[in-house]
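Since the structure comes first, as structure tokens, the remarks are kept for the end.
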2 protein chains.
Amino acid sequence: MPHPVEAVGACPISPVVDLVFSRWSTPILWVLKEHGRQRFVQIQRRLSGITPKVLTQRLRQLERDGLVTRSYHAEIPPRVEYEISDLGRTLGPVFAVLTEWSDTHFTRVETARHAYDTADRPLPA
Amino acid sequence: MPHPVEAVGACPISPVVDLVFSRWSTPILWVLKEHGRQRFVQIQRRLSGITPKVLTQRLRQLERDGLVTRSYHAEIPPRVEYEISDLGRTLGPVFAVLTEWSDTHFTRVETARHAYDTADRPLPA
DNA sequence: CAGTATCCGTCTCGATACTG
DNA sequence: CAGTATCGAGACGGATACTG
């Protein structure tokens, strides 16, 4: 389920968010970036348990968006390899900034959550 | 619907993605960053039609995560104001990089989509 | 104003089974 | 191996109505 289009007017980066941060997209791009070209089952194993249906859906979307390339080799058994594209590699700085933010600020989020959960607040009941 | 936890092992930025790029989170943070402290209905109007239920849900989550602060003023009528927190403001570079990526690369995505959609491919039927 | 309560449609995911 | 087909379950969002 993509982000609503109505939000684009208020938030110009919504299209990119849909593109890169849809469910499973980021982990798939990440493993392709980290481990290079690989086959369908290898990706599936690294994402520990994603079903073939969902993996196929996401890979097709990423291929359509030009972030991933698919190469089919008509052998027996058939061999299909996926690789992050040049366009996909340009996302490197995006991931780098997110990694850096996570390393420096994520503990503050966890602290905030804990504080919120243990705060005295008027009971909803 | 958060990203699956199983993906975290393969992709360390999954928690941040859930935090910042969950549905509606980015647009809400964006309008708070752009237009400063504002009331519930103002946010609702800028996001053109988000329902109060959903807006409440997301604001609560962002408040719990420490990205947004909520201030309640017991007046008649009641007044509640939301503001991006200091922690939320540290996301500035993240948004900046995404904006830059969008400006320089998004047309290539659209080109790729068009090429994919008009490509001759064996019919699925 | 700032929400909450309820109902409902949709979408997606997950599990399972099957095919070239 | 690399998917496709089908089914069912559940989360989530949208619309509407109501409250302090």
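Every heavy atom of this structure was used, including side-chain atoms; hydrogens, water molecules and symmetry mates were not. Quantities reported herein were computed from a predicted structural model and do not represent experimental measurements. Chain letters run A, B, ... following the sequence lines, proteins first and then strands; every chain starts at 1.
Phosphate proximity of dC12(D) to Q57(B): absent, as no side-chain N or O sits under 4.0 Å from OP1 or OP2. Taking 4.0 angstrom as the limit, Y82(B) places none of its side-chain polar atoms (N or O) nearer than this to OP1 or OP2 of dC1(C). Residue R70(B) has no polar side-chain atom (N or O) positioned under 4.0 Å from OP1 or OP2 of dA2(C). Under 4.0 angstrom from either OP1 or OP2 of dG13(D) there lies at least one side-chain N or O belonging to R58(B). Look at R39(A) and you'll find a side-chain N or O under 4.0 angstrom from OP1 or OP2 of dA2(D).
Closest approach to the P77(A) side chain among dA2(D), dC13(C), dC1(D) is made by dC1(D) (side chain taken as heavy atoms from C-beta onward). Side chain of V41(B), nearest nucleotide from dA2(C), dT4(D), dG14(D): dA2(C).
Partner of L67(A) under the side-chain contact (heavy atoms from CB on, under 4.5 Å) criterion, out of L29(A), D86(A), I84(A), I28(A): L29(A) alone. Partner of Q38(B) under the side-chain hydrogen bond (donor to acceptor under 3.5 Å, both in side chains) criterion, out of R45(B), R46(B), E83(B), E81(B): R46(B) alone.
The partner of dG20(D) is dC1(C), by the rule that a Watson-Crick or G-U pair needs both atom distances under 3.5 Å. Base-pair partner of dG13(D): dC8(C) (Watson-Crick or G-U wobble, both distances under 3.5 Å).
Comparing T56(B) and R45(B) against DNA chain C, the residue whose closest nucleotide sits nearer the 5' end is R45(B).
Across the protein-nucleic acid pair, L55(B) atom CG and dC12(D) atom C1' stand 15 Å apart, rounded to whole Å. Taking atom OH of residue Y72(B) and atom C1' of nucleotide dA2(C), one finds them 8 Å apart after rounding to whole Å. In this structure, E81(B) places its CD atom 12 Å from P of dG3(C), rounding to the nearest Å. Going from atom CD1 of I76(B) over to atom P of dT19(D) covers 18 Å, rounded to whole Å. The interatomic distance linking Q44(A) (CD) with dC13(C) (C1') rounds to 15 Å, in whole Å. Straight-line distance from the NE2 atom of H73(B) to the C1' atom of dC1(C): 13 Å, rounded to whole Å. Residue I50(A) contributes atom CD1, which lies 11 Å from atom C1' of dG14(C) at whole-angstrom precision. In this entry the distance linking CZ of R23(A) with P of dG13(D) reads 12 Å, nearest Å.
For K53(A) against dG14(C), a side-chain-to-base donor-acceptor contact under 3.5 Å is present.
No hydrogens or angles considered: a donor-acceptor pair under 3.5 Å links the side chains of Q61(A) and R58(A).
Side chain of S102(B) to backbone of L98(B): no donor-acceptor contact under 3.5 angstrom is found. Of the possible polar contacts, none joining the S22(A) side chain to the L19(A) backbone as a donor-acceptor pair under 3.5 Å is found.
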